[in-house]
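Following: one structure in structure tokens, then a few remarks.
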Amino acid sequence: MQPIDIGDLSLDLSKTTRQNALFHAIREKIVRGFWSKGNKLPSTRKLALELDVSRNTVIFAYEQLVSEGYIESRKGAGYFVSIEQPEYYLGTSKALSETVGKEPNDANGKAPFDVNQGFAPGVPDLQAFPFAKWQRLLQRHVTRLNLAGNQQVQGSIALREALSHYLASSRSVHCDYSRIIITVGAQQALSIALMATLKAGDEVLMEEPGYRQVHKIIDLLQLQMQPVPVREKQGLCLDKVLASQAHALYVTPSNQYPMGTTLTTEQRLKIIDWAKQKQAWIIEDDYDSEFQFAHRPYTSMQGLAGKLEQDERVIYVGSLSKVMFNGLRIGYMVVPKQLVPRCLEIKDAITGDSPTHTQEALADFINEGDLLRHIRKMRRLYKQKHEAMLTALEREFGQDLEVISQAAGLHVTVKWYGGISEQDWSERAERENIVVRPFSFYEYTKNNGRDWRAVVLGFGNIPLEQIPQKMRAIAQVFYRE
């Protein structure tokens with residue numbers, strides 16, 4: 001159990017003895033819930049020293065608390081706040097117990113809503129990750145004193161070198177470690193990219209629908225967003241991009257989120273040429289590039305531009321959160337050499353350096369082959385889950401729902417006409433502790449006139465054998481009158 005810090009414990013000696021004052025002070029801490037049940041009290045010697053009282057005074061107060069049931073003594077271990085408190089304690093502490101130590105959503109006795117379960121998009125299979133191996137790698141570096149102080153803002157050299165080799169071999173990214181910047185997730189990388197290349201009022205092309213977090217960054221930086229339609233099974237409206245005078249384009253070419261379309265090599269080359277001609281920036285978010293089930297991944301736009309020696313206008317952004325686990329919070333960006341100093345200046349102002357021990361462990365995870373082994377294993381598993389999703393959708397909904405996303409990534413997007421609204425289905429599913437994400441969540445322009453409804457169903461973190469059961473549950477609320 002967690003030891004209790006003496007903190008602001010003080011004695012009111014105006015009307016009583018030291019022994020009684022200490023008894024009432026500790027009792028108040030327990031009754032008010034500030035000293036939690038089961039936690040260990042300070043030793044009598046330590047408490048006497050801190051409060052400048054005799055040890056006998058503390059022993060007297062502790063023994064009185066034991067006799068009244070507030071604390072218990074364990075031989076050889078010390079004193080602990082009792083799990084079962086006196087009955088008159090329960091009435092006194094009722095108001096506080098409703099707010100201390102409870103999750104925000106359990107007011108009615110229900111378990112808090114789990115945002116990572118159900119059909120939550122963007123969450124990988126957390127149980128499948130080799131956490132035991134990861135823990136050993138972290139332990140390998142935890143006692144290195146040279147990692148305990150401040151570090152380079154750009155990130156671990158070991159990790160940047162490992163990423164440069166991994167990205168070159170898997171995505172044909174054209175770079176070396178000096179052009180890679182480690183960030184706190186892909187969202188920080190996207191923020192830095194936009195801040196380094198644009199100023200308030202500049203126009204940026206953005207996929208519509210698209211990644212919600214980029215919408216927030218664009219609004220925060222007071223940029224002017226030009227939505228570019230992403231059409232069902234056709235992808236980004238290339239004509240609008242090529243005709244635009246915008247200063248930048250944000251694009252997810254490997255697996256557009258949430259429409260699930262891919263840009264072909266020809267389309268990518270046209271966008272690269274547009275950026276060169278217009279002196280515009282391409283911010284390439286290589287989302288879900290590792291998990292393609294229907295075809296081999298295309299070369300990254302940054303890699304294609306590098307072959308043409310035209311990558312000076314391309315910023316490549318990635319993250320390992322969907323490959324490993326969300327809590328990793330490590331992203332990266334590959335930037336043109338001339339932009340590195342500006343990006344580092346911004347990162348230094350926002351957060352400074354990034355957690356070092358995690359970076360070193362991740363470098364080992366990549367260099368020792370664990371990352372590739374995990375990706376290969378998960379690619380097979382996610383393909384099975386995707387197939388199970390399609391089978392379950394067909395069985396539960398028949399022709400009422402249509403899958404409009406490609407066979408890739410960790411989600412499927414489905415649409416329908418008439419019937420239940422997106423928001424109602426999402427809210428009904430949430431009451432069953434299942435996440436169903438409305439399609440409108442990804443739309444920047446709300447009045448777009450579409451006559452169909454859709455949701456995004458993630459399958460990454462659902463056990464394969466539970467997909468039919470979960471699909472049946474959301475089908476029941478979909479058809480409920």
Side-chain angles (χ1 to χ4, degrees), residues 103-106 110-129 131 185-187 209-216 252 255-260 285 287-288 290-291 293 319-329 331 378-379 381-390 392-393 396-397 401 403-415 420 422-443 453-478:
E103 294 290 345
N105 296 335
D106 64 358
K110 293 180 63 178
F113 184 58
D114 190 342
V115 297
N116 293 311
Q117 294 297 329
F119 290 107
V123 184
D125 194 320
L126 302 178
Q127 291 188 344
F129 185 74
F131 281 107
Q187 188 172 347
Y211 185 32
R212 176 71 172 269
Q213 299 306 99
V214 179
H215 295 165
K216 297 176 183 178
T252 54
N255 187 28
Q256 200 280 333
Y257 187 60
M259 293 296 284
D285 184 350
Y287 178 80
D288 269 351
E290 296 87 357
F291 303 122
F293 312 133
S319 165
L320 295 175
S321 295
K322 305 300 183 293
V323 175
M324 296 173 63
F325 56 95
N326 302 83
L328 181 67
R329 302 306 300 147
M378 300 315 296
R379 190 179 290 130
L381 177 58
Y382 291 145
K383 183 178 181 180
Q384 291 178 318
K385 289 187 177 186
H386 183 266
E387 292 170 351
M389 288 287 288
L390 298 185
L393 282 165
E396 299 297 334
F397 297 95
L401 293 188
V403 176
I404 60 175
S405 53
Q406 66 170 333
L410 308 182
H411 73 276
V412 294
T413 302
V414 296
K415 78 170 188 178
I420 190 171
E422 299 171 6
Q423 197 61 41
D424 284 346
W425 194 12
S426 176
E427 291 172 358
R428 290 182 187 180
E430 184 174 338
R431 289 194 285 270
E432 304 295 326
N433 204 33
I434 299 176
V435 178
V436 171
R437 184 70 54 76
F439 190 82
S440 58
F441 178 84
Y442 305 95
E443 293 177 317
R453 301 165 182 183
V455 296
V456 178
L457 303 174
F459 56 79
N461 200 32
I462 301 181
L464 181 62
E465 65 277 7
Q466 290 185 18
I467 289 176
Q469 169 194 342
K470 295 288 187 183
M471 193 67 72
R472 189 171 305 115
I474 64 169
Q476 289 173 351
V477 299
F478 180 88

Report summary line: The salt bridge (Lys or Arg N to Asp or Glu O under 4.0 Å) partners of R379 (sequence neighbours excluded) come to none
What closest approach, in Å, do [X] and [Y] show between heavy atoms, and which atom pair accounts for it?
X: S319; Y: A186; value: CB-CB, 3.7 Å
X: L390; Y: V403; value: CD2-CG2, 3.8 Å
X: L381; Y: A128; value: CD2-CB, 4.5 Å
X: A392; Y: P468; value: CB-CA, 4.4 Å
X: P438; Y: Q423; value: CG-OE1, 3.8 Å
X: G118; Y: I434; value: CA-CG2, 3.9 Å

Determine whether a donor-acceptor pair (N or O, by modelled atom type, separation under 3.5 Å) exists between the side chain of [X] and the backbone of [Y].
X: K385; Y: I462; value: yes
X: Y382; Y: D125; value: yes
X: R437; Y: V455; value: no
X: S405; Y: T413; value: yes
X: Q256; Y: M259; value: yes

Is the shortest heavy-atom distance from the side chain of [X] to the side chain of [Y] under 4.5 Å?
X: V123; Y: L410; answer: no
X: N461; Y: Q117; answer: yes
X: V323; Y: M378; answer: no
X: V456; Y: V436; answer: no
X: N326; Y: P124; answer: yes
X: R453; Y: W425; answer: no

Query raised in the report: With sequence neighbours left out, what residues match E443 under side-chain contact (heavy atoms from CB on, under 4.5 Å)?
Result: E208, P209, F439, S440, K446, N448, R450
Query raised in the report: Quick one: side-chain contact (heavy atoms from CB on, under 4.5 Å) partners of E396, sequence neighbours excluded?
Result: M471, R472, A475
Atom [atom1] in [X], atom [atom2] in [Y]: separation rounded to 0.5 Å?
X: F459; Y: Q384; atom1: CZ; atom2: CD; value: 11.5 Å
X: D285; Y: Q213; atom1: CG; atom2: CD; value: 11.5 Å
X: F119; Y: S426; atom1: CZ; atom2: OG; value: 13.0 Å
X: L464; Y: H386; atom1: CG; atom2: NE2; value: 13.0 Å

Requested in this report: Assess whether atom NZ of K383 is packed by more than 12 heavy atoms of other residues, nucleotides or ligands within 6.0 Å.
Outcome: no
Query raised in the report: For E465, does the CD atom have more than 12 heavy-atom neighbours from other residues, nucleotides or ligands under 6.0 Å away?
Result: yes
Query raised in the report: Between H411 and N255, is a side-chain contact (heavy atoms from CB on, under 4.5 Å) present by the stated rule, with each step listed?
Result: CA-CA 10 Å; H411 73 276; N255 187 28; 4.0 Å; yes
Query - Evaluation steps, side-chain contact (heavy atoms from CB on, under 4.5 Å), between R428 and I420 - result: CA-CA 10 Å; R428 290 182 187 180; I420 190 171; 3.5 Å; yes
Requested in this report: Determine, stepwise, if the pair L401 / F478 fulfils side-chain contact (heavy atoms from CB on, under 4.5 Å).
Outcome: CA-CA 11 Å; L401 293 188; F478 180 88; 4.0 Å; yes
Query raised in the report: Do the ring centers of F131 and F325 come within less than 6.0 Å of each other?
Result: yes
Requested in this report: Start with the C-alpha distance between Y442 and Y257, add both sets of side-chain angles, then the distance that settles side chain to side chain donor-acceptor pair (under 3.5 Å), and finish with yes or no.
Outcome: CA-CA 9 Å; Y442 305 95; Y257 187 60; 2.8 Å; yes
Report task. Apply side-chain contact (heavy atoms from CB on, under 4.5 Å) to the pair I404 and V414, showing each step before the final yes or no. Result -> CA-CA 6 Å; I404 60 175; V414 296; over 6 Å; no
